[in-house]
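First the structure, in the form of structure tokens, and then the observations on it.
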Protein chains: 2
Amino acid sequence: MAVTVKQIAEMAGVSRGTVDRVINNRGGVKKEVEDRIRKIVEQLDYKPNLVAKGLAKKSTNKKIGVILNAHDNPFYKDVILGVEAKDKEIVDFGFETLLRTTHCYDIEEQLKRIDELVAEDIAGLILSPINSERIANRLNELNIPIVTVNTDIPDVTKLCYVGSDYLQAGYVAANIFGITGRRHKIGIITGNKLILGHNMRIEGFKQAIQQEQYPIEIIGVYENDDTDIKSYLATKQMLEEHPELTGIFFAAGGIEGGLKAVEDLGLLKKVMLITVDTIESVKKNLLEGNIAATICQEPYVQGYEATKIMFDFLMTGQSPDTIAYLTKTQIKFKYNI
Amino acid sequence: MAVTVKQIAEMAGVSRGTVDRVINNRGGVKKEVEDRIRKIVEQLDYKPNLVAKGLAKKSTNKKIGVILNAHDNPFYKDVILGVEAKDKEIVDFGFETLLRTTHCYDIEEQLKRIDELVAEDIAGLILSPINSERIANRLNELNIPIVTVNTDIPDVTKLCYVGSDYLQAGYVAANIFGITGRRHKIGIITGNKLILGHNMRIEGFKQAIQQEQYPIEIIGVYENDDTDIKSYLATKQMLEEHPELTGIFFAAGGIEGGLKAVEDLGLLKKVMLITVDTIESVKKNLLEGNIAATICQEPYVQGYEATKIMFDFLMTGQSPDTIAYLTKTQIKFKYNI
DNA sequence: CTGAAAGCGCTTACAG
DNA sequence: CTGAAAGCGCTTACAG
């Protein structure tokens, strides 16, 4: 049977309230008494019963704020599902998540959402931050625990970053081209070059080719700013400039536009395509055999784990084991989509 | 604020005990009173607070038995980790898992473990059953909820089967050979032909080749009885009989032996290899570039979900949404191992 | 600085 | 067939 506060109280010859004060570092306990209690806690390896704790704390309803730049980004759908799944599990513990979505690169909007949630008295904030100094400064003023999800921001004190291993995603993309054993000439379509994640995917792609000495040549990297229109144009231009091209790695957003360009030039199924994530158009083209594979980053797990980490911290005060929880790189082919 | 038993009791003009009897179908309540309570429960969409329930029930400590044929099967390591992770989460709810491991095809041993656990008064049983009538009969006598994990047994009343989609695994293996675009001649090494899962992998492999019209020819299926020695011999024989072979799909156990045969014949990196799961030797050979890819079945998730499903049922009486929880088919290459 | 009491929302005997 | 009370293990005011 597990140790309880009551037992500790009896052993220390004090009331349960006093034990509680010590265990939760609430202060106001005579040093000598505190030491006595701490010793017993240590010796008996006391671990509070979270279920009892949750029930007792239910009255002081805790809110967790969540801000995802999901408005123009279908990728976040599954992240949201993950957040909601964990929310269901913790609601009986007296927790509640407040989800706000924003547009992708709108700093003003993100700042506004942060302030809104703070006004609602959130106990913690989970967000996919825009990498800007203004956001960073605001977050550092906040004084509540922060978890970043999917994309990170440097110089901000946080519990943890939950997201994917972008470098690995690039490695794996190269890996797939590599196992074909063919002498590929690959073009890369990427998003905004300021986005760290995109660059790391490309970096990983290049590193793997070098390390493995795959007979793969990268003929160029074209930017599309994550929009479908620019992506269409960039892809078209690339294919026209390089008719020798045998494959494309779409390392960021704007995949739908890029696919259209490949289609318009009659090159579907002739050029080997590898993409990232599974938005609808990727799914469709994977099923039709136009895309060979897509590299995914467990969006559901990202949402679920970020929320779990925040909950665990607010419940127990325990920080996560790692400051960067990286989800698995998942490869989807036609038949395991 | 969520509805509570107390509120319902007040509205129905009865005591909380009576509401509890109705909600949990404990009987012994006048029909008329029961109907009144049920109506209110319905209208207010009452959902019991699981945290409170867990705390209250803590005294009636519930045991969940787990039997895995893990003794000679390294695959189960991660299944066990999954069980243990969920166990940690539910211990504060008054639950405890009792894990027993057995050898692979030892019916006597599995029967013995079942009886041992029943003697310990388990409230539910999770197991990877041997597909035999004696086991089936014993399980059907048990009268406690059952969840099968990783491998299933027909004609046994159960909550759910948690395991992988073997057919899909075969499809994906073919998919990977397929995207190389090469005219492969593939040999298949499988385990005991009586094991349903192995056969389904092969079946999926064949179906995908046909559906996709991949230029792939299957030159033969060799059995190895899941042992490394037989696997070595079978693989060697196959390679000698078929020097034209360009790839092998290892669809079951005994992979280590098979790899040795490929190595001894000097064919590592010349023949494209696809395996299943990630035991140590697979990992090693994947990293060395000898295996192109391995198809995994989320063993950790299998253990975790099986335990979660059992816990949910014992806590709430709710059966899972599905009678077959299939884990995702995961593909591991060198760089996402 | 410390204790006694009440409460979180449910279940479990016990009494009638 | 039903109710009143106690309890699961913790926290929260309140009183002193």
Side-chain angles (χ1 to χ4, degrees), chain A residues 1-38 40-41 44 46-62 90-96 123 314-317, chain B residues 1-38 40-41 44 46-62 90-96 123 314-317:
Chain A
M1 220 50 293
V3 192
T4 67
V5 168
K6 197 176 161 195
Q7 288 170 36
I8 295 173
E10 277 165 10
M11 294 181 69
V14 297
S15 74
R16 295 187 269 163
T18 302
V19 173
D20 186 67
R21 275 174 208 112
V22 171
I23 288 172
N24 294 293
N25 307 303
R26 253 181 232 110
V29 176
K30 216 197 295 175
K31 179 82 171 69
E32 174 201 304
V33 177
E34 172 168 354
D35 289 348
R36 186 153 28 107
I37 293 173
R38 286 212 188 282
I40 298 174
V41 165
L44 270 54
Y46 170 74
K47 299 268 180 279
N49 182 310
L50 290 190
V51 169
K53 196 166 185 164
L55 188 59
K57 285 200 142 193
K58 203 180 171 294
S59 17
T60 69
N61 200 303
K62 298 251 186 237
I90 66 183
V91 62
D92 283 353
F93 286 85
F95 280 76
E96 187 186 1
L314 293 174
M315 270 302 282
T316 68
Chain B
M1 222 50 290
V3 193
T4 67
V5 168
K6 197 176 160 195
Q7 288 170 36
I8 295 173
E10 278 165 10
M11 293 181 70
V14 296
S15 74
R16 295 187 267 163
T18 302
V19 172
D20 186 68
R21 275 175 208 111
V22 171
I23 288 171
N24 294 293
N25 307 305
R26 255 181 231 108
V29 177
K30 216 197 294 173
K31 180 83 172 67
E32 174 200 305
V33 176
E34 172 168 353
D35 289 348
R36 186 152 29 110
I37 294 174
R38 285 211 189 280
I40 299 174
V41 165
L44 271 53
Y46 169 76
K47 299 266 180 282
N49 182 311
L50 290 191
V51 168
K53 195 165 186 165
L55 187 59
K57 286 200 142 194
K58 202 180 171 296
S59 16
T60 68
N61 200 303
K62 297 252 185 234
I90 66 182
V91 62
D92 283 353
F93 285 85
F95 280 76
E96 186 187 1
L314 293 174
M315 270 301 282
T316 68

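Just so we're on the same page: letters track the sequence lines, and every chain starts at 1.
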I need the minimum non-hydrogen distance between [X] and [Y], along with the two atoms involved.
| X | Y | value |
| --- | --- | --- |
| B:Gly94 | B:Lys58 | CA-CG, 3.9 Å |
| A:Pro48 | A:Lys53 | CG-NZ, 4.4 Å |
| A:Tyr46 | A:Ile23 | CE2-CD1, 3.5 Å |
| A:Leu314 | A:Ala123 | CD2-O, 3.6 Å |
| A:Leu50 | A:Phe93 | O-CE2, 3.6 Å |
| B:Val51 | B:Asn49 | N-OD1, 2.8 Å |

Point-to-point distance, once rounded to the nearest 0.5 Å, from OG1 of A:Thr4 to NZ of A:Lys47: 15.0 Å
DNA chain C base-pair string [pairs: Watson-Crick or G-U under 3.5 Å; |: paired with another strand]: |||.||||||||.|||
For the side chain of A:Val33, counting heavy atoms from C-beta on, which of D:dT2, D:dG3, C:dT2 is nearest? C:dT2
Protein-nucleotides 6-10 of chain D N/O pairs under 3.5 Å:
from	atom 1	to	atom 2	distance (Å)
D:dC8	O2	B:Leu55	O	3.3
D:dC8	O2	B:Ala56	N	3.1
D:dG9	N2	A:Ala52	O	3.2
D:dC10	OP1	A:Tyr46	OH	2.6
D:dC10	OP1	A:Asn49	N	3.1
D:dC10	OP2	A:Val5	N	2.6
D:dC10	O5'	A:Tyr46	OH	3.2
D:dC10	N4	A:Arg16	NH1	2.6

Would you check if the side chain of A:Arg36 reaches a backbone N or O of A:Ala12 as a donor-acceptor pair within less than 3.5 Å? yes
Apply the side-chain contact (heavy atoms from CB on, under 4.5 Å) test between B:Val22 and each candidate in B:Val33, B:Val29, B:Asp35, B:Ile8; give the one that qualifies. B:Val29
Tabulate protein N/O versus nucleotide N/O from nucleotides 14-16 of chain C, keeping only pairs under 3.5 Å, one per line.
none

Could A:Glu34 and A:Lys30 be called an ion pair, given the rule that one side-chain N must be under 4.0 Å from one carboxylate O? no
Looking at B:Ser15, does any N or O in its side chain come under 4.0 Å of the phosphate oxygens OP1/OP2 on D:dA4? no
